[in-house]
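Throughout, numbering of the chain's residues begins at 1 and tracks the sequence.
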Amino acid sequence: MSEEKGPLISESFSFKLGYEVIAGCVAVGKLDGSHPHLVCAVPGGRVVVHNPFHARTEKRMDANLLHFNEEITAILCGNLNQSDVDYVYVGSAHHLVAYNVVENKNVFTLEMSDGCSSLATGTLSGAQKQLMFVGGTCSIYGYDVEGNDDFWTVTGDDVTAMIVSEFKSASNLELIVASENCELHSYTSDAETNEETTLSGAATHMQRVSCATVAYGLSTGTVGVLKEGVQLWEQKLKHHVSALRGFEVDGRVVVVVGWSNGLLEFRDVQSGKIVFSENLKVSIAGLVVSDYRNEGKDHLLVVLSSGKVIAFCSGAVTKHTLGAAPVVKENLGAKIRLLQQKRKDLLYRLGNLKKLQQKKKKTSSDMDKLIQTKMNKVLKVIDGQLHLLLSTNSGELIQSVTLVNDGIFEEDAHTVYFKESVKLAKILLPIPKLADFRVTLRCLIGDTISTKYLVTSDNLKVDKYACFCQEDVVEPSLLNAYAYSPALEDSILSFINSAFALCEDITSLTAPIGFFSADFGALFIAVHGDSLVIGADHGHTLNSFTNDLRDEVALTPVSLQKTVTVVKAAEENARESLKDPARSSPKSDNRSDMVNLNHATITHDDGDRRQNDSEEESGRLTNDDVSNSVELVLQSVRDLHAVRQKLVAEIADNSTLAKGLLLRAEDHRLMGNYDEMQQAYRDVMDVNQDILRSHAFRHSNQEKLMQQVRLLNKIIHSVAERKGGGTFIESCRRAIKDNDFNTLLTLLQ
């Protein structure tokens, strides 16, 4: 078996220019007609011309300095009159200068209104003479040796690179132009577009490698090769391409790529495989190929941005001195250096692969841990207020929590941010009314320095009595009694344990059970003999709880026994004083049931009116009962009316905003600012969604308001049947129309 050997590439000589070099502004030409000269642009609008055959010393070359008084953007050496003497063509933001170094004079100076970003020279197929092509802002000019404009065309964007080469046909020389819009165009001698190709980025460098084969470097750090317009390969690095050149090594042409980090690569034209690389540690400004010492052998001159020039050649290097050329110590261990370089590259790549694998494993482990994270939710009453406690099952930190609910917060959503990520998040939940509700939770989980985060979404149901905490309370004055038997104990306990946020479940009714809420007062549950007694400080709290309990457990109302201390003599007197013979009729019974305080619920949310058809309890209507019921309804009407006015104002504001945005979008369309126009229409869509949402809220608010008004009307009619006459109803309506609620309460008592 024969071992495959890589190409032998070695360093021949090196020297220093003594000036920093501008990247991309390097050229070589026979400026005196016989010897090659290296031409480089340096800061300050100057050009260094180096001649290797006029040396002062062995370490310092003779370098001439030319001043052009403008920052140089492009430079090229060539001749347009078929002579042996090359001119130096210098491009800047405003001028193109053709300079004859031998005669020390300008051949011509042209004003470039579109600037000069790229230069190329050659004779296009079908043309009569060689031209100097100049690319600028969306325009391309071609000038002859006298500076006459013989070629002109335009492109879709600013020109970034140009060469004269075969493109898709091996027999036609065309002008290939790269522009900022990531496209390649080929132009014929008639300035007409022949072919178009789209790349993955803007080509900043192009070089003819061989017949119909073009190497290119993109602004994204990508290098590749096109053969007859078809891409052979493409490679991307994290650095930028700073120079490109074709160079013959061991009888085959390779693509030499210079990178901004100082890496020099020799790549195979067909596959893109690296056949040799060298890290020069300084950014490469340019690459040129020339028989720089007239040895009959081409050298690759690598010009660094620091001003140092290193020459590479193919094959072994022998010590040789020609004329006054510099004598620099040559590398005799080229093969060993090549193997060491390959070993260094392989170790570098192996280290990167190991780091990448470790990073992927860590990222995968962190992501798996995050994906499996679940939220733990606990409702707890602290200092009389309901709090939501959130934590994760894996101990991950919580950065923020967003709670979405249309009713309990001032806005649709309420977001809580934590200055430092916490493992236990404590959030206060406002309780505006005695009703259950649902909250959508969205939690951002992850440390503040993490690169991966998890957003969880979950629903939380808050029971109606979650704001009550269990504690000993004084026996309330408002009481209801129901028939009780031990068979009902399990059902009652199940309801209590599920309705309240308890640390531990209640297991027995033998001892009185008390609950307290800062907003809704005390709630009392106790068993007295054969009776289940339920009491509360407020009538609506008592009604709500007893009705909910009776939905779950079949309870029969009974009268309170005299032996029970909670029975009040005033309650009996009030019951007797309100007895009315007219209530014995079916019509009267049905209406009086609607305002029975002890066993009817009036809710502000859904207008659910629960009625008790017990003839015994309908007789327990009191003046306090009517007052409490009317006060609740009137308060609900006031709240709903206030919300309605707020929604009307909000819809009006959003409508005005939408009109302004539509006018702004039309202005942007007329001015051609389509990005701003699209943003304005997106804003209109957002405002429109807000208007639709507000309309839905207003519709729901109107339904609730009508329910409360109907309930108030029924209360008035129920009391009117006891007091008699349409005069009473007219007085109530007049009080409602005048918003005189005090008079209305006086009439109903």
Side-chain angles (χ1 to χ4, degrees), residues 22 24-51 63-124 126-155 158-164 173-177 187-191 286 288:
I22 299 174
C25 295
V26 177
V28 67
K30 294 182 179 180
L31 305 185
D32 60 358
S34 58
H35 301 100
H37 293 66
L38 181 64
V39 181
C40 303
V42 300
R46 299 172 296 173
V47 174
V48 173
V49 180
H50 177 263
N51 184 356
N64 296 327
L65 198 61
L66 308 177
H67 295 266
F68 289 90
N69 300 324
E70 280 188 298
E71 288 298 328
I72 298 170
T73 57
I75 197 167
L76 186 66
C77 293
N79 64 79
L80 305 180
N81 54 2
Q82 307 299 324
S83 67
D84 294 333
V85 178
D86 291 335
Y87 295 158
V88 179
Y89 295 89
V90 180
S92 62
H94 303 287
H95 294 91
L96 173 66
V97 179
Y99 183 75
N100 188 330
V101 175
V102 175
E103 298 180 4
N104 192 23
K105 68 175 185 178
N106 292 344
V107 180
F108 61 79
T109 300
L110 301 174
E111 184 175 352
M112 305 300 298
S113 59
D114 293 330
C116 178
S117 58
S118 182
L119 297 174
T121 183
T123 304
L124 303 182
Q128 300 298 323
K129 52 186 175 180
Q130 187 173 357
L131 299 177
M132 173 61 63
F133 297 98
V134 182
T137 305
C138 304
S139 63
I140 304 170
Y141 294 89
Y143 300 98
D144 61 10
V145 66
E146 297 177 356
N148 298 319
D149 182 3
D150 286 353
F151 181 94
W152 177 83
T153 187
V154 294
T155 61
D158 295 346
V159 177
T160 56
M162 292 193 308
I163 58 169
V164 176
L173 282 174
E174 300 174 326
L175 177 64
I176 304 175
V177 180
Y187 296 93
T188 63
S189 58
D190 298 329
V288 292

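Between the side chains of T121 and Q130, at least one donor-acceptor pair of N or O atoms lies under 3.5 Å. Of the N and O atoms on the side chains of D190 and T188, not one donor lies less than 3.5 Å from an acceptor on the other residue.
With sequence neighbours excluded, the residues forming a side chain to side chain contact (heavy atoms under 4.5 Å, CB included) with S139 are D114, Y141, W152, listed by chain and number. Every residue meeting the side chain to side chain contact (heavy atoms under 4.5 Å, CB included) condition with D158, not counting sequence neighbours, appears here in chain and number order: T137, C138, E180. S189 meets the side chain to side chain donor-acceptor pair (under 3.5 Å) test with no other residue; sequence neighbours excluded. Applying the side chain to side chain donor-acceptor pair (under 3.5 Å) criterion to N148, with sequence neighbours excluded, gives D144, E146. For the salt bridge (Lys or Arg N to Asp or Glu O under 4.0 Å) test, no residue two or more places apart in sequence or in another chain qualifies with E111. H95 is linked by a side chain to side chain donor-acceptor pair (under 3.5 Å) to E70, counting only residues two or more places apart in sequence or in another chain. Partners of A93 by side chain to side chain contact (heavy atoms under 4.5 Å, CB included), not counting sequence neighbours: none found. For D150, the salt bridge (Lys or Arg N to Asp or Glu O under 4.0 Å) partners at least two apart in sequence or on another chain are K129. With sequence neighbours excluded, the residues that form a side chain to side chain contact (heavy atoms under 4.5 Å, CB included) with E103 are N100, K105. Evaluation of the side chain to side chain donor-acceptor pair (under 3.5 Å) rule for S113 yields no partner, not counting sequence neighbours.
Between V177 and the options T160, I163, T155, T153, a side-chain contact (heavy atoms from CB on, under 4.5 Å) holds for only T155.
Under the side chain to side chain donor-acceptor pair (under 3.5 Å) criterion, the residue pairs touching residues 71-80 are N79-D86, with sequence neighbours excluded.
The backbone N or O of H35 lies less than 3.5 Å from a partner atom in the side chain of H37, making a donor-acceptor pair.
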Quiz: residues 38-49 side-chain donor-acceptor pairs under 3.5 angstrom, not counting sequence neighbours:
unit_1: R46; atom_1: NE; unit_2: P43; atom_2: O; d: 3.1
unit_1: R46; atom_1: NH2; unit_2: P43; atom_2: O; d: 3.2

